[in-house]
Amino acid sequence: MSCMLTYAVTKLPASSAWAARGFARSLSCSPLLQAAVQPKSKKTLARNGVKNVVVVEGVRIPFLQSGTTYADLMPHDLARAALQGLLDRTSIPRDVVDYIVYGTVIQEVKTSNVAREAALGAGFSDKTPAHTVTMACISSNQAMTTGLGMIAAGQCDVVVAGGVELMSDVPIRHSRKMRKTMLTLNRAKTLGQKLALISKIRPDYFAPELPAVAEFSTSETMGHSADRLAAAFAVSRLEQDEYALRSHTLAKKAQEGGLLLDVVPFKVPGKETVTKDNGIRPSSLEQMGKLKPAFVKPYGTVTAGNSSFLTDGASAVLLMSEEKALALGYKPKAYLRDFVYVSQDPKDQLLLGPTYATPRVLEKAGLTMADIDVFEFHEAFAGQILANLKAMDSDWFAQNYMGRKSKVGVPPLEKFNTWGGSLSLGHPFGATVCRLVITAAHRLKKEGGQYGLVAACAAGGQGTAMLVELYPQ
């Protein structure tokens, strides 16, 4: 794949002047202080015999850089805060909720079913079932589609889905030799047996197993894979830095303009009340250009400045059947429509999930790229985003790798992540896709659109895409 594409997509960033024009153009289509624009009339994606599932509300606590204000908490504390924020905003009685599903990636051993622990902590009945799912960076989408399936099947009317990640305190294990010795020691019955085991412990037993954001099947870190992917699609360092700067600049404008309506304040025990994301830091191309490669040294192009940062955070969305939502007096934000999951080669195509998922979900719904008003794609790395856009604009890639006759097509940048993305807002692995979905719903209302497309990649070479349809205003 390293030589598959050497041309530049004309709609991708190529200069700082382009970036400045892009910022102005992206924001001009959604005036910060104007009332919501009425959407254009299009066909609905409702299907006969299929129950309509709606998003009533979605919230998240502020996404913070790991090692900051949330550092002394546990994952269920963050998830509980998101659940409480959802309860406060919607005033829904706890006993109305039929089921709770949460996604997470790096599990805390003490609270492996974090959904259950968070639900109990937020005051839900011990009679309300809850379970936890994991699917790398698309775990919260798996939580949402699990809830969607329960409602569509008639098993539930009201489901809370969400995600959580606490990168400030990931589990660090003893070495396997030490773990084996300790477990055997626990079964020893006599002092002699215990002393004999202790005498076999060697200095290397004390070396810990440190966690890494790496593929088990390939042993390659995700950043290294992103660097190779960027090289394969001829994505330059400048393009990556410009895209990252775009993300931070748009996120800052959205934050200052009061557009990030999903964020709820969180009073951290013993500390201050957190009210906003703390990773939004617009810089300059000059400053970003000074950063050294973070993974492929010394010639790589992926740096700390054009990568998403380790993040703590949690999200929660309230899903209902449309009939139930209206019966309870709620005005839904959006319908959740078609969705797909995809998998491909976890080595050379690890981060290309959006490229494969986008055409499948569009074809499933009978839509084209031109029908979509809002795009919300997960930004793991600027190089990953730009490589996906180039792949989607390549007939050669479509024909040789996707089994398609022609290219997927590129989302217009004026519709693409215009309120920032994971590069700037943060990426708590298990919580991100809930943010994408509720942001798409808010943007549709603000900008007068009807259809939103959410897409994300994930470890293991997997990905997802989902269609969101604005609820009639």
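Positions are given from 1 along the sequence.
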Completion exercise
For F309, the side chain to side chain contact (heavy atoms under 4.5 Å, CB included) test, sequence neighbours excluded, returns Q65, T311
Handout entry: K415 versus I372, closest heavy-atom pair with distance
Key = NZ-O, 3.0 Å
Got a list of side-chain donor-acceptor pairs under 3.5 Å for residues 453-468, not counting sequence neighbours?
from : atom 1 : to   : atom 2 : distance (Å)
Q462 : OE1    : S343 : OG     : 3.2
T464 : OG1    : N141 : ND2    : 2.9
T464 : OG1    : V340 : O      : 2.8

Exercise for the section: Classify the ring geometry between F416 and Y243 as parallel (under 30°), tilted (30 to 60°) or perpendicular (over 60°). Expected result: perpendicular
Exercise for the section: Report the residues that fulfil side chain to side chain contact (heavy atoms under 4.5 Å, CB included) with P208, sequence neighbours left out, ordered by chain and then residue number. Expected result: I172, L210
Problem - Aromatic Y335 / basic R337 pairing, under 6.0 angstrom, 45° off normal - result: yes
Exercise for the section: Could you give me the CA-CA distance, side-chain angles and deciding distance for E379 and N417, then say whether side chain to side chain donor-acceptor pair (under 3.5 Å) is met? Expected result: CA-CA 9 Å; E379 303 169 347; N417 289 15; 2.9 Å; yes
Problem - I138 side, atom CD1; Q142 side, atom CD - distance, nearest 0.5 Å - result: 7.5 Å
Problem - NZ/NE/NH1/NH2 to OD/OE distance under 4.0 Å, R443 and E376 - result: yes
Exercise for the section: Output the distance between atom NZ (K253) and atom NE2 (H248), rounded to the nearest 0.5 Å. Expected result: 15.0 Å
Exercise for the section: Output the distance between atom CD (Q287) and atom OG (S284), rounded to the nearest 0.5 Å. Expected result: 4.5 Å
Completion exercise
Between M288 and R237, the two heavy atoms sitting closest are O-NH2, 2.8 Å
Problem - Side chains of Q240 and T301, donor plus acceptor under 3.5 Å - result: yes
Exercise for the section: Assess the side chains of T111 and H76: does a donor N or O sit below 3.5 Å from an acceptor N or O? Expected result: no
Handout entry: Between NZ on residue K290 and OG1 on residue T303, distance to nearest 0.5 Å
Key = 14.0 Å
Handout entry: Residues in side chain to side chain donor-acceptor pair (under 3.5 Å) contact with Q384, at least two apart in sequence or another chain
Key = none
Practice task
Any chance you could lay out the side-chain contact (heavy atoms from CB on, under 4.5 Å) test for L229 and F381, step after step, and finish with the verdict?
Solution key: CA-CA 10 Å; L229 188 68; F381 303 89; over 6 Å; no
Problem - Atom pair NZ (K445) and CG (L470), whose distance is rounded to the nearest 0.5 Å - result: 8.5 Å
Practice task
For side-chain contact (heavy atoms from CB on, under 4.5 Å), just list the numbers for I61 and L78, CA-CA rounded to whole Å, side-chain angles, deciding distance to a tenth of an Å, and then say yes or no.
Solution key: CA-CA 8 Å; I61 60 173; L78 305 189; 3.8 Å; yes
Problem - NZ or CZ of R60 within 45° of F63 ring axis and under 6.0 Å - result: yes
Problem - Those residues that, when tested against D72, pass side chain to side chain contact (heavy atoms under 4.5 Å, CB included) (two or more places apart) - result: K271
Handout entry: Salt-bridge contact K252-E256 (side-chain N to carboxylate O under 4.0 Å)
Key = yes
Handout entry: Validation row: E469, Q450 side chains within 4.5 angstrom (heavy atoms)
Key = yes
Handout entry: Side-chain heavy atoms of V133 within contact of M135, under 4.5 Å
Key = no
Problem - Y401 and F397 aromatic ring geometry - parallel, tilted or perpendicular at 30°/60° bounds - result: parallel
Exercise for the section: State, with a plain yes or no, whether a side-chain heavy atom of L319 is found less than 4.5 Å away from one of L336. Expected result: yes
Problem - Sub-4.5 Å side-chain heavy-atom contact between T181 and Y205 - result: yes
Problem - Minimum heavy-atom distance A244-A382, with the two atoms named - result: N-CB, 4.3 Å
Fill in the blank from the handout: Residues passing the side chain to side chain contact (heavy atoms under 4.5 Å, CB included) test with T273, sequence neighbours excluded, are P265, K267, T275
Practice task
Looking only at non-hydrogen atoms, find the nearest pair between T132 and V114 and report the distance.
Solution key: OG1-N, 3.1 Å
Handout entry: Nearest-0.5 Å distance, CG of residue N306 to CG of residue L245
Key = 11.0 Å
Exercise for the section: Classify the side-chain pair S140/Y102 by whether it contains a donor and acceptor separated by less than 3.5 Å. Expected result: no
Practice task
Check the side chains of S422 and H378 for a donor-acceptor pair under 3.5 angstrom, ignoring hydrogens and angles.
Solution key: yes
Practice task
Classify the side-chain pair S406/D395 by whether it contains a donor and acceptor separated by less than 3.5 Å.
Solution key: no
Fill in the blank from the handout: When every non-hydrogen atom of V264 is compared with those of G85, the smallest separation belongs to CG2-CA, 4.2 Å
Problem - Between S168 and D312, a side-chain donor and acceptor under 3.5 Å - result: yes
Handout entry: Criterion side-chain contact (heavy atoms from CB on, under 4.5 Å) on M144 and V437, from CA distance to verdict
Key = CA-CA 10 Å; M144 285 187 288; V437 166; 3.6 Å; yes
Problem - Where F233 and K390 come nearest, the two heavy atoms and their spacing - result: O-CD, 3.2 Å
Exercise for the section: With K177 as the cation and F206 as the aromatic partner, state whether NZ or CZ is under 6.0 Å from the six-membered ring centre and within 45° of the axis. Expected result: no
